[in-house]
Amino acid sequence: MPIQVGGGLRTYSSVQQLLNLGVHKAILGTVAVEQPDLVQQLCQEFPEQIIIGIDARNGLVATRGWLETSEVLATQLAVQMQELGAAGIIYTDIHRDGTLSGPNLEALRSLADTVSIPVIASGGVSSITDLLSLLALETQGVTGVIVGRALYTGDISLREALRAIGPGRIQDIPPNLDFSTFA
């Protein structure tokens, strides 16, 4: 099973150790703002295995576990990290995370329109309706979603979520399919 690890990865050796153990992807956050040269080195040495976690507060990147807010725009950092070879972006709107208030579709759309690497949405998902609204951004590059609190509270069941946006979803049925064969 592919495993992603993030949080506190700020050195070459910590990322190398995880990836050498078989971790599929390493998620880098603070280091993307503070040490872009290290991110570039890691992206070159571990292609397709470095994901950038961009946590944003009012469009600006927050670092150090959300304790500090930089002057760097989330979209600006995403473009820079794409140029350095990042495999994707996990975008978290800090004001939405854990609130069950719905994802920040406008910010996600803007970010996905800015880069060509995959964007994974995080923060605020509360319902199947939210998942379907994110599905509408799939063609723009939003390729995944992280659901946390809504699973814990039971607002979303994993089974229902997979039916709504996972493999075999109704949106993927070919338009010329003859349903009479199922009768």
Side-chain angles (χ1 to χ4, degrees), residues 1-104 107-108 111-112 114-115 117-126 130-131 134 141-153 155-156 158 161:
M1 175 181 296
I3 295 174
Q4 299 180 20
V5 175
L9 299 176
R10 295 192 179 105
T11 66
Y12 177 89
S13 62
S14 64
V15 173
Q16 179 187 39
Q17 182 179 14
L18 283 171
L19 295 174
N20 287 341
L21 285 172
V23 168
H24 187 63
K25 302 215 189 264
I27 304 165
L28 307 179
T30 297
V31 73
V33 174
E34 296 179 357
Q35 299 179 62
D37 292 341
L38 175 59
V39 173
Q40 182 174 27
Q41 178 186 7
L42 289 165
C43 289
Q44 289 172 348
E45 293 191 34
F46 303 102
E48 298 303 314
Q49 291 186 281
I50 305 299
I51 302 290
I52 305 302
I54 298 179
D55 301 333
R57 181 181 290 118
N58 300 321
L60 296 173
V61 178
T63 60
R64 305 223 166 249
W66 300 356
L67 296 177
E68 298 177 18
T69 302
S70 72
E71 296 298 316
V72 179
L73 290 171
T75 51
Q76 177 187 1
L77 182 62
V79 168
Q80 179 187 16
M81 294 298 111
Q82 174 180 275
E83 290 171 356
L84 296 181
I89 303 289
I90 295 175
Y91 177 81
T92 303
D93 183 311
I94 293 170
H95 291 301
R96 305 279 180 120
D97 195 58
T99 65
L100 300 175
S101 62
N104 185 336
L108 284 161
L111 188 70
T114 303
V115 295
I117 56 178
V119 173
I120 297 170
S122 175
V125 174
S126 67
D130 288 341
L131 293 176
L134 288 167
V142 178
T143 61
V145 58
I146 296 172
V147 180
R149 185 171 179 194
L151 287 172
Y152 305 134
T153 61
D155 291 320
I156 296 177
L158 184 56

Query raised in the report: Between Val15 and Ile50, is any pair of side-chain heavy atoms under 4.5 Å apart?
Result: yes
Check: Leu134 and Val125 side chains under 4.5 Å, non-hydrogen atoms
yes
Between atom [atom1] of [X] and atom [atom2] of [Y], what is the distance when rounded to the nearest 0.5 Å?
{"X": "Phe46", "Y": "Asn20", "atom1": "CZ", "atom2": "CG", "result": "5.5 Å"}
{"X": "Ile3", "Y": "Leu18", "atom1": "CD1", "atom2": "CG", "result": "10.0 Å"}
{"X": "Ile89", "Y": "Ile120", "atom1": "CD1", "atom2": "CD1", "result": "9.5 Å"}
{"X": "Asn104", "Y": "Ile94", "atom1": "CG", "atom2": "CD1", "result": "12.0 Å"}
{"X": "Leu28", "Y": "Leu42", "atom1": "CG", "atom2": "CG", "result": "6.0 Å"}
{"X": "Gln76", "Y": "Ile54", "atom1": "CD", "atom2": "CD1", "result": "10.5 Å"}

Closest approach of [X] to [Y] (non-hydrogen atoms, all atoms of both residues):
{"X": "Pro118", "Y": "Ala87", "result": "CD-O, 3.3 Å"}
{"X": "Glu48", "Y": "Lys25", "result": "O-NZ, 2.6 Å"}
{"X": "Ala150", "Y": "Ser126", "result": "CB-CA, 4.0 Å"}
{"X": "Arg10", "Y": "Leu38", "result": "O-CD2, 3.6 Å"}
{"X": "Leu151", "Y": "Leu158", "result": "CD2-N, 3.9 Å"}
{"X": "Leu131", "Y": "Ala161", "result": "CD1-CB, 3.6 Å"}

| request: State whether the side chain of Gln49 and the backbone N or O of His24 hold a donor-acceptor pair below 3.5 Å, judged by distance alone. | output: yes
Sidechain-backbone polar pair: Ser70 side chain, Val61 backbone, donor-acceptor under 3.5 Å = yes
* Intermediate values then yes/no, side-chain contact (heavy atoms from CB on, under 4.5 Å), Gln4 and Ile90 -> CA-CA 11 Å; Gln4 299 180 20; Ile90 295 175; 4.1 Å; yes
With sequence neighbours left out, the residues meeting side-chain contact (heavy atoms from CB on, under 4.5 Å) with Gln17 are Leu21
Q: Apply side-chain contact (heavy atoms from CB on, under 4.5 Å) to the pair Leu9 and Ile27, showing each step before the final yes or no.
A: CA-CA 8 Å; Leu9 299 176; Ile27 304 165; 5.7 Å; no
How about Thr30 and Thr63: does a side-chain donor come under 3.5 Å of a side-chain acceptor? no
Per side-chain contact (heavy atoms from CB on, under 4.5 Å), Pro36 is matched among Met81, Glu83, Gln41 by Met81
